[in-house]
Structures are given as C-alpha cells and as structure tokens.
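For reference, the structure is listed below as structure tokens.
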Amino acid sequence: MVSLLGLLLVLAIVSLLVGVSDISFLDILSGESNDLKLLTLSRIPRTVALIITGIGISVCGLIMQQMTQNKFVSPTTAGTLDAAELGILGSLIFLPQENIYLKVFFALGITFFASLIFIKIADSIRYRSVIFIPIVGLLFGGIINSITTFFAFQFNIVQDVGAGQDSIGAWMMGDFSGILKGNYEPIFLCLPAVVITYWFANKFTVVGMGQDFAKNLGLNFRAVLNIGLFCVSLTVSSIVVTVGTIPFLGLVIPNIVSLFLGDNLRKTLPYTAIVGACFLLLCDVISRLLIFPFEVPIGMTVGLIGGVLFLILLLRKK
C-alpha cells in the first residue's frame, strides 16, 4: 500500500508539471504569480479530477462485479456510461438553463433506472456463461447509445461546435483539457459514494450470492442492491457530466487487482481505488506527451489500452 501511495504521489507531481507552459516550484516559492495562477486554476484541479475519476470508476466496476458475480461487468459493459449520456441529453433538452448539479441528478435518475434493468437481465442469465452477461450489456449499452444519438440528432446537439456544454458531443469522449477551477466541483459527489461502498462492502458481496442466500442471512436484498446501484449511478453521472466517458477503466483495474489480492471486497477496494487513480494519471500523461504540445483525449487513450487488456482477460478466461 505504501509503495502504491508513493507511486500515486509521483504521478500526481508529474501531472502537475507536464504541460505547454513550464512550471517551476522555485518560482512559485519566490512569489511568481503567473505560475501560481496556472497551478491553482488549471493543473491542481485537473490532477484532483483525474485522481477522483480513477478512484470512482474503478470502485464502480468492483461493486458491479461483486453484485453480479461476473468479472466482466463494469460501467462500460453494462450500459451505465451510455445511460449517463442519455441522462445528460435529457437534461440538455428539458433543463437547458439549469446549473450543472441539476444535470447530474437528472442523469442520476436515468442511470439508476438503466442499472436496475441491466441487473434484472443479468440475474436471469448469470448461470449460462461468464462472457454472456457482458456481451448482453454491450448490446444494451449500444441500444441506449443509439437512442441518445437519434434524439441528439433530432435536436441538433450531436457535435461539439464550440459551446461545449450545449452539445452531447462534449460528453462522448473523456477529456480533462477543459478542467478549470470552478467547473469541476460536481466530481466531488463521487467521494460520499466511495465511502458508502466501503461501509457496505461485505453486504454487496452477500448480495452477489443471490436473493435467497441474502435473505437466509437476514439481509434486505433489495435495499442493499439499490444502495449499490445508487452509488454506481451517482459516481458515473457526476464523472460523465464533468469530464465525459472513460471506457474500460472500471473493467480492467478490478480484475488486475483481484489477480494479486483475491476477491475480498473490503480488502481489495482501497487497492483498486489507488491503482485506478495511478492508471488514469499515467494515461493522462501519455495523452499529453504523444503529440505534444497538442493533446489526445484521455478517453481515447484509456479506451485503446483498456480494450487490449479486456481482450487479454477474455482470452485468459477462455
């Protein structure tokens, strides 16, 4: 754990230093105002957002895998990210002038409802094949994404044409380049969900064993299931509204951690959170250096690396 925290600290410092404009800590200490403004207005918010996003999405994947007892379930393969995008589309149509927090809670409602549908589907097919559930989840997400694209086209808000927050295209691909002080604060809504997840860790594991098993142990199956889905929905909605979709992060990180530490949720959850944050920070540094001084959207970088790791995990299971 100490070594992982050290790695996280090193990557965070690198994230603060990498950019078009050079920052010198000596200049900051000597009172250089421009470097200090750049650090406080852009670099620190971006690094904090990266860490919280890595923690939130990784923990969401771990919860979903525990509740479905399937290692290939995550926000990417369960339609959760696509449902959050549909919720954002609804907020742009019905609440165009409202603040970003109302958009988060509107997306939360849509995401929670879609998660309930997926869990219902997964429960009916969980014993057929370990790979069958994520395939159905990808199809489910594809249907939701098609609905989102159709209505976005109808309302002429498909592409990001400069306004950013007024088009669904701004959320289709994860990107931290626009993170500044004052426009990333909704992402902090993830933190209470992570705390609740750790508190209910053992109960989420029992829920994954099935409704009859949970009732035999005196556990309120439906209540605990709804709490888990609410935590996932709140985390995903706040992240997607703030930075866009980050694919495969919640899939590969819990699997990699479980390979080394097993499947005890309470034990692996802190490691999953830290590894997820480190992975996202590393991908962000790579995205900023690939075509420097320009930047590749981090959603593309994580999607490429995560897709390759997902394929390796599939072949390993086979």
Side-chain angles (χ1 to χ4, degrees), residues 1-16 43-67 73-76 78 80-81 84 104 108 111 174-176 179 184-201 204 227-258 260-261 264-285 287 298-299 301-303 305-306 309:
M1 177 64 77
V2 175
S3 59
L4 282 176
L5 289 173
L7 177 62
L8 178 63
L9 179 61
V10 170
L11 289 172
I13 294 173
V14 173
S15 177
L16 291 174
R43 299 286 177 86
I44 290 178
R46 178 174 183 145
T47 301
V48 171
L50 282 162
I51 293 173
I52 294 177
T53 301
I55 291 172
I57 295 294
S58 300
V59 169
C60 284
L62 185 60
I63 299 173
M64 298 182 76
Q65 289 172 16
Q66 285 289 335
M67 291 195 300
V73 174
S74 73
T76 304
T80 311
L81 294 176
V104 170
L108 167 64
T111 307
D175 186 14
F176 288 83
I179 292 295
Y184 81 108
E185 283 75 12
I187 206 169
F188 286 101
L189 292 172
C190 298
L191 299 180
V194 173
V195 174
I196 294 172
T197 299
Y198 187 78
W199 184 264
F200 282 85
F204 291 149
I227 289 172
L229 293 180
F230 177 82
C231 291
V232 171
S233 301
L234 177 60
T235 301
V236 171
S237 299
S238 59
I239 288 174
V240 172
V241 167
T242 307
V243 300
T245 57
I246 308 293
F248 292 109
L249 180 63
L251 173 65
V252 298
I253 298 302
N255 276 283
I256 291 173
V257 173
S258 66
F260 295 96
L261 299 176
N264 186 313
L265 180 58
R266 186 176 292 276
K267 176 184 176 182
T268 58
L269 194 146
Y271 290 92
T272 301
I274 296 173
V275 172
C278 291
F279 179 77
L280 199 60
L281 283 169
L282 179 61
C283 288
D284 182 65
V285 172
S287 298
I298 192 173
T301 306
V302 176
I305 299 174
L309 292 175

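The chain is numbered in sequence order, starting from 1. Atoms considered below: every heavy atom in the structure, side chains included; atoms not considered: hydrogens, waters and symmetry mates. The structure displayed is predicted, hence computed values, not measured ones.
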Looking only at non-hydrogen atoms, find the nearest pair between [X] and [Y] and report the distance.
X      : Y      : value
Val73  : Ala78  : CG1-CB, 4.3 Å
Tyr184 : Ala49  : CD1-CB, 4.2 Å
Val302 : Pro247 : CG1-O, 3.1 Å
Ala277 : Ile51  : CB-O, 3.8 Å

Within this structure, what is the [atom1]-[atom2] distance for the pair [X] and [Y], rounded to the nearest 0.5 Å?
X      : Y      : atom1 : atom2 : value
Phe176 : Leu50  : CZ    : CG    : 4.5 Å
Ser258 : Gln66  : OG    : CD    : 9.0 Å
Thr301 : Leu282 : OG1   : CG    : 10.0 Å
Thr235 : Phe230 : OG1   : CZ    : 9.0 Å
Ile57  : Leu251 : CD1   : CG    : 12.0 Å
Ile305 : Leu309 : CD1   : CG    : 7.5 Å

Flag the pair [X] / [Y] as yes when at least one side-chain heavy-atom distance between them is below 4.5 Å, and no otherwise.
X      : Y      : result
Arg46  : Leu16  : no
Met67  : Leu229 : yes
Val243 : Asp175 : no
Val236 : Val232 : yes
Ile63  : Phe200 : no
Ser58  : Leu249 : yes

*What residue among Pro75, Ser74, Pro254 forms side chain to side chain contact (heavy atoms under 4.5 Å, CB included) with Met64?*
Pro75
_With side chain to side chain contact (heavy atoms under 4.5 Å, CB included) as the test, pick out the partner of Val275 among Thr268, Ile253, Ile55, Leu8._
Ile253
*Can you check whether Leu234's main-chain N or O pairs, donor with acceptor, with Ser237's side chain at less than 3.5 Å?*
no
*Would you mind listing every salt bridge (Lys or Arg N to Asp or Glu O under 4.0 Å) that reaches into residues 232-253, with sequence neighbours excluded?*
none
Residues 186-198 side chain polar contacts: donor-acceptor under 3.5 Å, at least two apart:
residue : atom : partner : partner atom : Å
Thr197  : OG1  : Ala193  : O            : 2.7

